[in-house]
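First comes the structure, then the notes that go with it.
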Amino acid sequence: HGALRVVAGSLNKIANDLRLLASGPRNGFGEIEQPENQPGSSIMPGKINPVVAEAVNQVHKQVVGNDAAVSAGAAEGQVDLNLYKPVIAHNFLESTEILANSSEVFAEKFVAKLEANEEHCEAAVERSMALATALNPAIGYDKASKVAKKALAEGKSVKQVAVDEGYLTEAEAEEVLDPEKMTHTGILGDD
């Protein structure tokens with residue numbers, strides 16, 4: 001049953017991560033669009049509740065409770081006799097069934113229907129202060145640090161400040177601060 005508890009914990013974490021990434025519509029991460037599996041929120045009109053992910057969270061809690069019952073039952077055995085075997089079996093079977101069912105529903109009705117909010121993600125990358133790291137080889141740490149601080153203070157992009165300050169031309173900034181290239185392994189600048 002401990003293995004089932006670990007599986008439930010992993011699914012719980014995945015569900016929590018996806019709920020966080022889908023949070024919004026305006027004040028959350030908003031990186032992914034979740035499926036609308038039921039009418040919206042009873043509290044906030046227009047909001048989509050992550051009901052399938054929340055069900056996975058609830059299954060996790062039940063499996064943890066079942067694990068406590070299995071552990072307690074297993075600890076009560078005396079010599080070769082354990083009168084708690086029905087409790088152990090019942091909780092084990094329940095955990096197996098609800099984990100299997102919730103995994104299938106989670107995969108089909110939530111995970112398979114997730115979509116990236118590409119526009120929001122691209123805007124977040126453009127605003128990211130992490131881009132300043134890519135300036136180090138091109139203009140040096142001190143100038144990159146100044147660019148990052150100014151971009152943050154003025155609410156501008158790193159690219160805009162690097163060009164405005166004259167550290168890079170527009171073409172150089174496009175080349176150096178290309179997020180797509182930063183996602184590849186190898187030496188910075190390699191294709």
Side-chain angles (χ1 to χ4, degrees), residues 1-131 133 152 179-180 182-186:
H1 198 275
L4 295 178
R5 186 185 70 240
V6 170
V7 170
S10 296
L11 286 171
N12 183 65
K13 189 214 182 304
I14 292 167
N16 282 337
D17 288 350
L18 293 175
R19 287 174 56 203
L20 184 61
L21 292 172
S23 63
R26 291 194 176 156
N27 296 324
F29 281 25
E31 292 185 7
I32 56 177
E33 301 288 341
Q34 63 181 320
E36 197 166 342
N37 287 309
Q38 73 170 33
S41 168
S42 60
I43 299 170
M44 185 191 315
K47 179 181 180 290
I48 300 170
N49 286 331
V51 294
V52 176
E54 290 168 346
V56 170
N57 296 141
Q58 292 177 38
V59 165
H60 169 253
K61 306 319 174 253
Q62 184 63 53
V63 171
V64 168
N66 288 352
D67 190 62
V70 167
S71 296
E76 292 299 320
Q78 297 171 339
V79 190
D80 289 337
L81 181 64
N82 189 327
L83 64 104
Y84 293 96
K85 283 185 180 178
V87 169
I88 294 168
H90 170 79
N91 284 286
F92 183 86
L93 293 173
E94 181 183 60
S95 291
T96 303
E97 183 178 0
I98 63 175
L99 268 174
N101 291 343
S102 67
S103 296
E104 186 175 336
V105 171
F106 188 46
E108 291 175 8
K109 298 211 179 277
F110 195 80
V111 175
K113 294 182 178 184
L114 293 173
E115 293 181 16
N117 183 341
E118 292 183 30
E119 185 178 305
H120 177 78
C121 291
E122 286 173 4
V125 168
E126 185 68 27
R127 289 188 317 266
S128 174
M129 299 308 298
L131 291 177
T133 305
L152 185 60
E180 180 73 24
M182 293 179 203
T183 63
H184 298 285
T185 60

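Note that the structure is predicted; figures quoted are calculated from it, not measured.
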Separation between CD1 (I98) and CD (E94), nearest 0.5 Å, reads 5.0 Å
| Student check: side-chain heavy atoms of V59 and F106 closer than 4.5 Å | no
Requested in this report: Using the side-chain contact (heavy atoms from CB on, under 4.5 Å) rule, take M182 and T133 through it: C-alpha gap first, then chi angles, then the decisive distance, then the call.
Outcome: CA-CA 10 Å; M182 293 179 203; T133 305; over 6 Å; no
When every non-hydrogen atom of P35 is compared with those of I48, the smallest separation belongs to O-CG2, 3.5 Å
If only atom types and distance count, is the side chain of S102 paired as donor or acceptor with the main-chain N or O of V56 below 3.5 Å? no
Of all heavy-atom pairs linking V63 and H1, the shortest is O-CE1, 3.4 Å
Scanning both residues in full, the closest heavy-atom pair of F110 with Q34 reads CE1-OE1, 3.4 Å
message: Less than 4.5 Å apart, side chain to side chain, heavy atoms only: is that true for E76 and L83?
response: no
When every non-hydrogen atom of S103 is compared with those of L11, the smallest separation belongs to OG-CD1, 3.2 Å
Only one of N37, V52, V111 passes side-chain contact (heavy atoms from CB on, under 4.5 Å) with V105, and that residue is V52
Check your understanding: Considering only heavy atoms from C-beta outward, does the side chain of L4 approach that of D67 to under 4.5 Å?
Key -> no
Original post:
Does NZ belonging to K85 count more than 12 external heavy atoms closer than 6.0 Å?
Top reply: no
Rounded to the nearest 0.5 Å, the NZ atom of K113 sits from the CD atom of E33 at a distance of 15.0 Å
In this structure, CD of Q78 is separated from OH of Y84 (nearest 0.5 Å) by 8.5 Å
Between S23 and L20, is there a donor-acceptor pair closer than 3.5 Å when you use the side chain of the first and the backbone of the second? yes
When you measure from the side chain of S128 to the backbone of A124, do you find a donor-acceptor pair of N or O atoms at a distance under 3.5 Å? no
| said: Tell me if a side-chain donor or acceptor on N91 pairs with a main-chain N or O of V70 at a distance below 3.5 Å. | reply: no
For S95 and N66, the nearest pair of non-hydrogen atoms, with its separation, is OG-ND2, 3.0 Å
Between the CD atom in E104 and the CG atom in L99, the distance rounded to the nearest 0.5 Å is 13.0 Å
Heavy atoms of I32 and L18 approach each other most closely as CD1-O, 3.7 Å
Exercise. Would you mind reporting whether H60 and N57 have side-chain heavy atoms less than 4.5 Å apart?
Key: no
Practice problem: For the residue pair I88 and N82, establish whether any side-chain heavy-atom pair is separated by less than 4.5 Å. | Solution: yes
